[in-house]
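Single-structure report; data block below.
Both ligands and their constituent atoms are indexed starting at 1 by order of listing.
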Amino acid sequence: MKILVTGGAGFIGCNFIYYMLDKYADYEIVCLDALTYAGNLKSLTEALKNPNFKFVKGSISDKAFVDALFDRESFDVVVNFAAESHVDRSIENPFIFLETNVMGTACLLEASKKYGVKRYHQVSTDEVYGDLPLDRPDLFFTEDMKLITSSPYSASKASADLLTLAYHRTYGLPVTISRCSNNYGPYQFPEKLIPLMIVRALDDKNLPVYGKGINVRDWLYVEDHCKAIDLIIHGGIPGEVYNVGGHNEKTNIEVVKTVLRYLSKPESLITYVKDRAGHDLRYAIDPSKITAALGWKPETEFDSGMKKTIEWYLANTEWIDEIKSGEYAEYSKRIYG
Ligand code: NAD
Ligand code: DAU
């Protein structure tokens, strides 16, 4: 089995590559990544030592390049993680999100059709369902809900989902889609809530909490997401969408206080700042379809996942320092002062 993993130098993609190399000793994995600010070849250092793994630098939006790669490699399965993934950046500059997330997905779908891949898997997000009200804890996202998006990021991911489903219906391409809730774990770029708070708290910098900190996210340890994708590409039904989430809802302020507790830092670091434009109130996944169909269940409790995550950041200060010295330094200064 030969798998193309796009975006594998990013957070979830690299965790998926390690998970698959470890589990399937006879699978070949090729990672295609453009190494944007969010991609880091250092995250793949151990994978690069494995003879079954190969890294290719390039963009999923470069149609000729993607075509040539598919022609050369004959992939059985494509798993598309590559994306611009940060909501705040999409509010600042929507166009790169359309180019990568929509046109890039289109290039991969077209090549998958042309070269007859046996499974194309689109890694999507719960954000395509918009948000849920804070005062209705009985409501959850289900796969049959309408796509009603809030940010340019979620709109671009919803567009990619629709295109993926269109390739199934029109051309019979064997596609699957997973829509996952918020991930946390090792190798996450420190622009996202949990690693941002860890990295800033370690430096005794203020922790910027948007609005009142009452927005709710459904947190899932990244390895549980990787396990779900593994099950879907092997046993999921073509044309189907699977929601992935841990029934682990937390307000942002709860999450930030958890980080402070683990690091023994004072709550006085918390600073309430201007709210995100169009800020989604609550995400909450109903994962009963994937549980019933494929036996998937989240395995990592939030406490142990947070412990593992924080220990990883404490043990990998070099990885963080390198990021802090790059494009991130300028972004961080512009956004957080
Ligand atoms: P990330 O930003 O950490 O990584 C994205 C990777 O894609 C980077 O390595 C980057 O270099 C690469 N990339 C960007 N543009 C590219 C291009 N044009 N061609 C090739 N590579 C390109 O993102 P992540 O958090 O790992 O998310 C991965 C996927 O999972 C995304 O599709 C995202 O929408 C989805 N997702 C993320 C979460 C989450 O909580 N992080 C939850 C659900 C779904
Ligand atoms: O739900 C899945 C999505 O989760 C993925 O599709 C996205 O790629 C991923 O980035 C994530 O989106 P969010 O917008 O939920 O994640 P983020 O870490 O940016 O923010 C989480 C919450 O924390 C959100 O309510 C905004 C808030 N926040 C975020 C940052 C960066 C703050 O209060 N302060 C901050 O500095």
Separation between CG of Leu220 and SG of Cys226, rounded to the nearest 0.5 Å =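 Going from CG on Leu220 over to SG on Cys226, the span is 9.5 Å.
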Lys157 heavy atom under 4.0 Å from ligand 2 |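 Lys157 does not count as a contact of ligand 2 under the 4.0 Å cut-off.
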Is the shortest side-chain N to carboxylate O distance from Glu254 to Lys257 below 4.0 Å?
->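 Salt bridge between Glu254 and Lys257, a charged N being under 4.0 Å from a carboxylate O: no.
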Under a 4.0 Å N-O cut-off, is there an ion pair linking Lys227 with Glu299?
->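 So Lys227 pairs with Glu299 through a salt bridge.
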Looking only at protein heavy atoms, which one is nearest to [atom], and what is the separation?
atom: atom 34 (O) of ligand 1; value: Tyr153 OH, 2.6 Å
atom: atom 29 (C) of ligand 1; value: Phe81 O, 3.2 Å
atom: atom 8 (O) of ligand 2; value: Ser85 O, 2.8 Å
atom: atom 5 (C) of ligand 1; value: Ala83 O, 3.5 Å

Do [X] and ligand 1 have an N or O pair less than 3.5 Å apart?
X: Thr36; result: yes
X: Asp33; result: yes
X: Asn183; result: yes
X: Phe189; result: no
X: Gly10; result: yes

Select one of side chain, backbone, both or neither to describe which atoms of Val123 lie under 4.0 Å from any atom of ligand 1, heavy atoms only.
->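 Answer for Val123: both.
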Atoms in ligand 1 with a heavy atom of [X] nearer than 4.0 Å:
X: Asn182; result: 40 (O)
X: Leu35; result: 11 (O)
X: Lys157; result: 31 (C), 32 (O), 33 (C), 34 (O)

Within 45° of the six-membered ring axis of Tyr331 and under 6.0 Å from that ring's centre, is NZ or CZ of Arg89 located there?
->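 Satisfied, under 6.0 Å and within 45°.
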May I ask you to check if Arg282 and Phe140 form a cation-pi contact, with NZ or CZ under 6.0 angstrom from the six-membered ring centre and within 45° of the axis?
->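 Yes - Arg282 lies over the ring of Phe140, closer than 6.0 Å to its centre and within 45° of its axis.
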Is there a donor-acceptor pair closer than 3.5 Å between any side-chain N or O of Trp219 and the backbone N or O of Gly246?
->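 Flag not set: sc Trp219 to bb Gly246 has no pair under 3.5 Å.
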Identity of the nearest option to atom 44 (C) of ligand 1, non-hydrogen atoms only, from Gly245, Ser124, Ser61 |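 Looking at heavy atoms only, Ser124 sits closest to atom 44 (C) of ligand 1.
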